[in-house]
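These values consider heavy atoms only, across backbone and side chains, with no hydrogens, waters or symmetry-generated copies.
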There are 2 protein chains.
Amino acid sequence: MSLPIPGEQVRGSKTGKPIMALLDLLGRTWALGIVWQLSQGSATFRQLQQRCEQISPSLLNTRLKELKVLQLVESTPNGYQLTLTGQGLFSVISPLGEWSLQWASQIKKDDV
Amino acid sequence: MSLPIPGEQVRGSKTGKPIMALLDLLGRTWALGIVWQLSQGSATFRQLQQRCEQISPSLLNTRLKELKVLQLVESTPNGYQLTLTGQGLFSVISPLGEWSLQWASQIKKDDV
DNA sequence: AATATCGCTACTAATATTGTAGCATTGTTA
DNA sequence: TAACAATGCTACAATATTAGTAGCGATATT
């Protein structure tokens with residue numbers, strides 16, 4: 001899959017609007033999950049594999065490459081970590097954690 | 001694909017944590033995009049297809065079903081629209097719009 | 001030197017998405 | 001009221017993505 005570079009065409013949009021590039025990126029399997037997991041501290045390749053329970057090494061590596069090119073993740077001698085930009089992204093999406101709890105309890109209520 | 005129901009196992013996680021269900025859901029092609037587009041007003045099936053430039057009707061329908069079961073989208077005589085819950089989700093992710101602009105300009109800078 | 005761990009690649013099978021055609025239903029027009 | 005158009009959606013084959021597993025080369029440890 002080609003990289004969703006803001007300013008260029010991306011999967012599902014020809015406008016090049018940054019938000020479309022971002023939605024394309026975050027809409028890829030495990031992309032959000034990797035950012036989420038790395039927000040809890042840097043990790044080596046195999047550590048990250050464990051945090052992302054079911055991810056295959058090939059996909060993990062593919063995603064990491066994408067996230068590196070897009071400057072959300074960087075690799076250091078100590079493993080992978082979020083860049084400053086990546087941390088910025090996380091701070092934007094982190095409210096999802098709390099929101100998901102409300103959402104979950106609401107869906108349960110409606111089951112009854 | 002099975003539905004990522006909070007409280008149950010989802011793709012990539014056995015813990016059933018709501019955040020994992022949410023990340024699974026949002027990590028599916030066009031899921032975020034549909035929520036984003038519907039935030040700009042309700043739309044009929046074909047209108048939504050046009051807003052989501054490249055989406056195929058089969059996938060659009062699949063995603064809409066998922067989003068309906070998970071109570072983020074509802075269909076009315078006037079077309080599809082976000083539920084109150086869906087609007088809540090959008091208000092959580094809407095800062096991504098502005099953030100993506102900063103991100104884009106930063107990536108461009110580094111190209112130079 | 002043998003063993004272990006690591007980052008990662010290679011490859012195939014399974015699954016998801018696209019793309020296109022078109023059906024059934026509901027208006028709309030003549 | 002018969003022809004026509006538009007809509008929501010399904011069917012299905014082609015293509016692309018992801019999962020799963022094995023294992024290589026490099027570095028570290030015993």
Side-chain angles (χ1 to χ4, degrees), chain A residues 1-5 9-14 20-21 23-38 41-70 73-82, chain B residues 1-5 9-15 20-38 41-70 73-82:
Chain A
M1 219 186 315
S2 65
L3 279 172
I5 298 172
Q9 284 191 198
V10 298
R11 183 175 60 160
S13 178
K14 296 165 187 161
M20 297 311 287
L23 294 182
D24 179 3
L25 174 67
L26 299 183
R28 296 177 180 199
T29 304
W30 269 111
L32 271 168
I34 290 172
V35 171
W36 198 268
Q37 294 301 337
L38 282 180
S42 65
T44 65
F45 190 89
R46 296 219 178 190
Q47 284 172 338
L48 199 47
Q49 246 186 301
Q50 288 182 326
R51 291 194 199 165
C52 303
E53 304 166 46
Q54 304 277 18
I55 198 171
S56 69
S58 36
L59 182 59
L60 177 57
N61 191 43
T62 301
R63 283 290 169 278
L64 285 172
K65 278 182 192 166
E66 293 171 358
L67 293 170
K68 273 193 285 190
V69 171
L70 296 172
V73 164
E74 61 196 353
S75 59
T76 75
N78 300 321
Y80 292 94
Q81 64 183 28
L82 294 181
Chain B
M1 219 185 314
S2 65
L3 281 171
I5 297 171
Q9 285 192 195
V10 297
R11 182 176 60 158
S13 179
K14 297 167 185 157
T15 60
M20 298 309 288
L22 184 60
L23 294 182
D24 179 2
L25 174 67
L26 300 183
R28 297 175 180 199
T29 303
W30 270 113
L32 271 168
I34 290 172
V35 171
W36 197 269
Q37 295 299 338
L38 282 181
S42 64
T44 64
F45 190 89
R46 297 224 174 183
Q47 285 173 338
L48 199 46
Q49 246 187 303
Q50 288 181 330
R51 291 194 198 166
C52 303
E53 305 168 45
Q54 305 277 19
I55 198 171
S56 68
S58 35
L59 182 60
L60 177 56
N61 191 43
T62 301
R63 283 291 169 277
L64 285 172
K65 277 182 192 165
E66 293 171 0
L67 293 170
K68 273 193 287 189
V69 171
L70 296 172
V73 165
E74 62 195 352
S75 60
T76 74
N78 300 321
Y80 291 96
Q81 63 182 28
L82 294 180

Expressed in angstrom and rounded to an integer, what is the separation of [X] atom [atom1] from [N] atom [atom2]?
X	N	atom1	atom2	answer
B:L48	D:dC9	CG	C1'	13 Å
B:Q49	C:dT20	CD	P	12 Å
A:R28	C:dA16	CZ	C1'	14 Å
B:L32	C:dT17	CG	P	13 Å
B:F45	C:dT26	CZ	C1'	17 Å
B:Q47	D:dG8	CD	C1'	12 Å
A:W30	C:dA16	CH2	P	16 Å
B:E53	C:dT18	CD	P	13 Å

Select one nucleotide: of [options], the one nearest the side-chain heavy atoms of [X].
X	options	result
B:S58	C:dC8, C:dC11, C:dG19	C:dG19
B:P57	C:dC11, C:dT20, D:dA22	C:dT20
B:L59	C:dG7, D:dA22, C:dT17	C:dT17
B:R46	D:dA19, D:dA11, D:dG8	D:dG8
A:T29	D:dG8, D:dA19, C:dG7	D:dA19

Is it the case that the side chain of A:R51 and the backbone of A:G33 share a donor-acceptor pair, with hydrogens and angles ignored and the cut-off at 3.5 Å?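 Such a contact is absent between A:R51 side chain and A:G33 backbone.
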Under 3.5 Å: donor-acceptor pair, side chain of B:D24, backbone of B:V10: no
Nearest non-hydrogen partners of A:Q37 and A:C52, listed with the distance: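 Heavy atoms only, the tightest pair is CG-SG, 3.8 Å.
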Just to be sure I understand the rule, does A:R63 reach a base, reach only the sugar-phosphate, or reach nothing, if contact means heavy atoms closer than 4.0 Å?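 Counting heavy atoms under 4.0 Å across all strands, the contact made by A:R63 is with sugar-phosphate only.
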I want to confirm an ordering. Mapping B:R11 and A:T44 to their closest nucleotides on DNA chain C, which one lands closer to the 5' end? A:T44
Does the side chain of A:Y80 get closer than 4.0 angstrom to OP1 or OP2 of C:dC6 through an N or O atom? no
